[in-house]
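Okay, so here's the structure we're looking at.
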Amino acid sequence: MPSIYDTQIENVISKLEATGQQVNSELIRRAYNFAADAHKNVYRRSGKPYIEHPVEVSLILSELKVDDITVAAALLHDVVEDTDVSGLEIKEKFGDTIYEIVNGVTKINEIYYDTFEEKQSENYRKLIISMIKDLRVIIIKFADRIHNMRTIKFMKPEKQKKIARETLDIYAPLAYRLGMYKIKNELEDRSFEILDPENYTLISTKIRDSHESMEAYISRITPIILNELEKKNIKASVSGRIKHLYSIYTKLTGRKKSFEEILDIIALRIVIPDDGDCYNILSIVHQLFMPIQGMFNDYIAAPKENGYQSLHTKVVFENKVIEIQIRTNKMHEVAEFGLAAHWRYKGSNNEDIHAIDEYITKLRNILQESFEATDPKEILEELKINLISGEIFVFTPKKDLITLPVGSTPVDFAYKIHENIGNRCIAAKRGGKIIPLSTQLENGDIIEIITSPKSSPSYNWLRFAKSSRARTSIKHFLRREEEYKTVKLGREIFTNEIAKYNLKIEKSIVQHVLKAFGFQAPEDFYKAVGNGEIRPNQFIRKISSFKKESLITRLVQKIIVKSPKNFVPEEHDKSVNIEYATCCHPLPGDSIVGHKTDDGKLIIHISNCSVVGSIDPSKLVNTNWDVDQNEDFEVSFKIAGEDRPNLLYEMIKVINSLEINLSSIEIKVENSIATGSFTGRVKNLNHFIKLRKKLFGIRGVLSIERFIQ
């Protein structure tokens with residue numbers, strides 16, 4: 001007696017045959033029997049036989065009207081990963097094409113990493129690469145994810161949320177990018193139910209309560225349109241629908257309106273034969289109902305980036321607004337199934353072959369920009385941005401076309417041309433007029449970038465840079481700049497420290513220190529000193545063993561200046577009142593200079609403080625540090641980072657771990673960039689360097705600047 005799964009497979013075959021395509025039913029049955037045998041005696045968390053999953057995936061795919069190869073590969077998609085069957089056996093029994101598709105689906109999850117982010121970013125990298133090789137890989141993955149979301153209740157709550165978040169962040173936007181709205185809508189709604197059950201229940205209840213009246217409304221407007229079309233001998237189907245829950249939720253939150261204020265919850269579709277005239281239907285609709293000005297979109301003349309085509313108009317009927325969509329049968333199938341439908345049409349004519357190949361190439365370029373980043377967290381973030389963003393088209397002065405995400409600015413434009421142009425841009429011209437770098441560009445703009453060799457990126461640019469390429473390049477530049485500052489700081493610490501012993505930086509000393517600490521280049525050693533990995537007393541001991549006699553002699557000759565209670569200038573005038581400049585907040589370890597004031601005080605500045613340059617040189621006194629270990633000193637610094645939950649908490653946690661007492665904190669957030677100004681007390685420069693190093697270990701921290709005038 002046939003099992004329920006045998007019957008379902010026959011149903012899948014019937015559905016594929018109903019599309020008019022040639023179906024190798026024997027191939028599908030062989031794949032099913034092979035999978036059923038491989039998964040024999042294996043059960044899902046629901047308690048049902050594991051074969052249920054690949055069969056349900058094939059049923060979902062049959063709704064997308066895919067080919068027999070796709071269904072056969074879907075039935076086998078978990079065999080290699082979850083059973084003892086090898087890929088080679090799949091290849092021998094089912095051929096190269098099915099093997100490549102199954103292998104593409106399998107490889108997405110085969111690598112394990114130390115962190116979730118690393119695993120996920122590599123999985124998406126593989127998913128995109130596999131998808132580009134054969135679109136059927138991602139189509140199967142979508143069907144696989146839909147069935148997993150339908151049966152997610154059998155998983156633990158934490159696992160449910162993790163999968164739902166991944167689905168909402170990656171798979172639903174990717175389905176949108178591929179024009180597969182039916183897939184996108186279900187993935188969004190099922191994720192919404194898991195991640196925000198309260199709002200999901202609230203909106204679904206409101207829809208349920210209003211459902212009867214909305215259905216009645218649709219039943220009253222539909223005959224009016226059909227009757228008018230029949231009078232003009234136009235064949236068409238008219239159907240109404242209520243928009244899916246997550247779409248309504250985003251409208252409520254994005255527009256900050258109540259459920260009752262949302263005008264376009266209901267949509268009516270008019271679908272006509274492929275040789276019909278959509279614009280003629282639009283004219284008829286506008287004669288029947290009053291159109292709302294500014295509420296018309298022509299996605300036929302200007303299709304969406306995912307290939308979607310339709311005419312959208314909003315009209316008034318019975319004092320209510322309703323959206324009406326007008327499209328042909330082929331446009332409707334593409335709107336529902338996206339590139340899955342294009343796949344079916346591919347091969348029917350050269351135009352369709354060119355369209356799908358061009359779009360996949362374009363999608364590859366958009367998504368691969370996400371992988372210019374190296375940090376897995378960055379990859380995921382940039383991938384989300386690239387999946388969700390639409391596109392605009394702008395031009396260089398030579399009329400070369402540049403494609404950018406919606407919301408892009410001249411900074412994005414500059415980096416799209418070349419990284420060096422991006423790093424040196426200071427402004428832009430649009431229509432001959434200078435515009436700020438933060439200006440959002442629009443379709444058709446002709447942009448000229450103005451550069452300067454003295455210009456360089458700022459973390460502020462991340463507030464308005466939209467494209468992955470620009471954001472990644474800016475972050476790389478800022479990191480290189482921070483590394484340069486660290487090397488410079490390390491060199492200054494090294495120079496100042498050995499200057500205390502009247503030593504010069506001789507080549508022999510530097511080479512000895514590099515060898516002692518295992519470095520090849522001086523910059524690597526200075527970087528280690530600058531970020532606190534090597535402390536001054538450590539490299540001084542190495543130098544001492546190398547130049548023992550001269551170092552001891554100079555140590556005896558060293559002039560000690562006490563601080564702060566017994567800090568005196570070189571003249572040893574103990575009556576002098578010592579103060580620390582508030583303009584630069586010097587720390588033990590800084591190279592310092594004293595300023596003798598007219599009222600008998602000695603103000604201690606950092607040597608490179610800008611205020612020192614305006615002081616009469618005759619009033620400056622060279623000084624050195626020798627401080628009590630229990631004393632601390634005030635320091636002010638600014639941290640910039642990408643705004644996210646718990647960022648401040650993590651920064652405070654680091655500061656507390658180093659026993660630094662804060663006296664003031666001020667946080668500002670603008671365009672997703674958080675800047676914090678902190679004032680606290682540290683022991684010395686090394687203490688602050690250690691703080692700086694730990695703070696840079698926090699995800700999203702972009703820059704740390706100490707306040708020195």
Side-chain angles (χ1 to χ4, degrees), residues 176 179 181 185 206-207 210 213-229 231-232 234 236-244 246-272 276-328 331-332 334-335 388-394 405-408 430-431 439-445:
Y176 167 80
Y181 285 86
N185 293 347
K206 284 184 174 292
I207 290 290
S210 309
S213 63
M214 286 192 275
E215 288 289 344
Y217 180 80
I218 291 170
S219 68
R220 291 195 296 274
I221 190 172
T222 300
I224 297 173
I225 297 171
L226 283 173
N227 290 337
E228 190 64 26
L229 294 179
K231 289 178 187 177
K232 300 185 183 318
I234 297 173
S237 65
V238 180
S239 60
R241 69 179 181 91
I242 299 166
K243 294 194 174 179
H244 72 292
Y246 188 70
S247 170
I248 295 170
Y249 171 71
T250 55
K251 291 178 190 296
L252 291 171
T253 53
R255 301 176 189 176
K256 296 181 180 178
K257 292 184 177 181
S258 67
F259 181 84
E260 291 70 25
E261 291 175 303
I262 299 294
L263 300 177
D264 51 356
I265 290 175
I266 304 174
L268 203 69
R269 259 185 218 131
I270 302 174
V271 181
I272 61 175
D277 185 350
C278 293
Y279 294 96
N280 183 33
I281 307 295
L282 177 69
S283 175
I284 294 170
V285 167
H286 283 176
Q287 290 172 22
L288 288 172
F289 314 108
M290 183 181 74
I292 299 176
Q293 293 296 321
M295 293 290 184
F296 167 68
N297 289 298
D298 186 348
Y299 296 120
I300 294 178
K304 288 187 177 182
E305 66 274 10
N306 55 24
Y308 176 90
Q309 287 185 293
S310 188
L311 298 179
H312 288 198
T313 185
K314 288 188 176 71
V315 300
V316 177
F317 174 67
E318 294 181 354
N319 294 320
K320 290 183 180 178
V321 175
I322 183 170
E323 180 180 86
I324 297 180
Q325 302 167 356
I326 305 165
R327 59 182 71 146
T328 65
M331 289 175 190
H332 179 63
V334 170
I388 294 169
S389 297
E391 293 173 332
I392 58 169
F393 304 97
V394 292
V406 169
S408 289
R430 178 170 63 184
T439 306
Q440 286 199 5
L441 304 181
E442 298 177 359
N443 271 319
D445 282 347

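The basis for the numbers below is simple: all heavy atoms, side chains too, and nothing from hydrogens, waters or symmetry mates.
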**Main-chain N/O of E318 paired to Y217 side chain as donor or acceptor, under 3.5 Å** = no

**Evaluation steps, side chain to side chain contact (heavy atoms under 4.5 Å, CB included), between Q287 and S283** = CA-CA 6 Å; Q287 290 172 22; S283 175; 3.3 Å; yes

**Asked** Looking at CG of N280 and CG of L229, how far apart are the two atoms once the value is rounded to the nearest 0.5 Å?
**Response** 9.0 Å

**Fill in**
V316 and F289 have their tightest heavy-atom pair at O-CB, 3.7 Å

**Asked** What's the spacing between L268 CG and T222 OG1 if we round to 0.5 Å?
**Response** 5.0 Å

**Request:** Compare all side-chain heavy atoms of F317 with those of L288 and state whether any distance is below 4.5 angstrom.
**Result:** no

**Item:** Separation between CD1 of I326 and OG1 of T313, rounded to the nearest 0.5 Å
**Value:** 7.0 Å

**Request:** Could you pull out all residues at least two apart from I272 that satisfy side chain to side chain contact (heavy atoms under 4.5 Å, CB included)?
**Result:** A236, I270, C278, I281, T328

**Parallel, tilted or perpendicular: ring planes of H312 versus Y308, cut at 30 and 60 degrees** = perpendicular

**Prompt:** Which heavy atom in R430 sits nearest to a heavy atom in Q440, and how many Å separate them?
**Reply:** NH1-O, 3.5 Å

**Close side-chain approach of F296 to L311, heavy-atom, < 4.5 Å** = yes

**Request:** Output the distance between atom CG (N185) and atom CZ (R241), rounded to the nearest 0.5 Å.
**Result:** 7.0 Å

**Asked** Taking all atoms of both residues into account, what is the closest heavy-atom pair of I284 and K232, and its distance?
**Response** CD1-CD, 3.5 Å

**Message:** Side chains of D298 and L282, heavy atoms from C-beta outward: is any pair under 4.5 Å?
**Reply:** no

**Message:** Rounded to the nearest 0.5 Å, what separates atom NZ in K314 from atom CD1 in I322?
**Reply:** 11.0 Å

**Prompt:** Taking T250 for the side chain and S247 for the main chain, is one N or O donor matched with an acceptor at less than 3.5 Å?
**Reply:** yes

**Item:** N319: side chain to side chain contact (heavy atoms under 4.5 Å, CB included) partners, not counting sequence neighbours
**Value:** none

**Request:** To the nearest 0.5 angstrom, please state how far the CD1 atom of I292 sits from the NE2 atom of H286.
**Result:** 9.5 Å

**Message:** Test side chain to side chain contact (heavy atoms under 4.5 Å, CB included) on S310 and M331; report intermediate values, then the result.
**Reply:** CA-CA 7 Å; S310 188; M331 289 175 190; 5.8 Å; no

**Request:** Assess whether atom CD of Q293 is packed by more than 12 heavy atoms of other residues, nucleotides or ligands within 6.0 Å.
**Result:** no

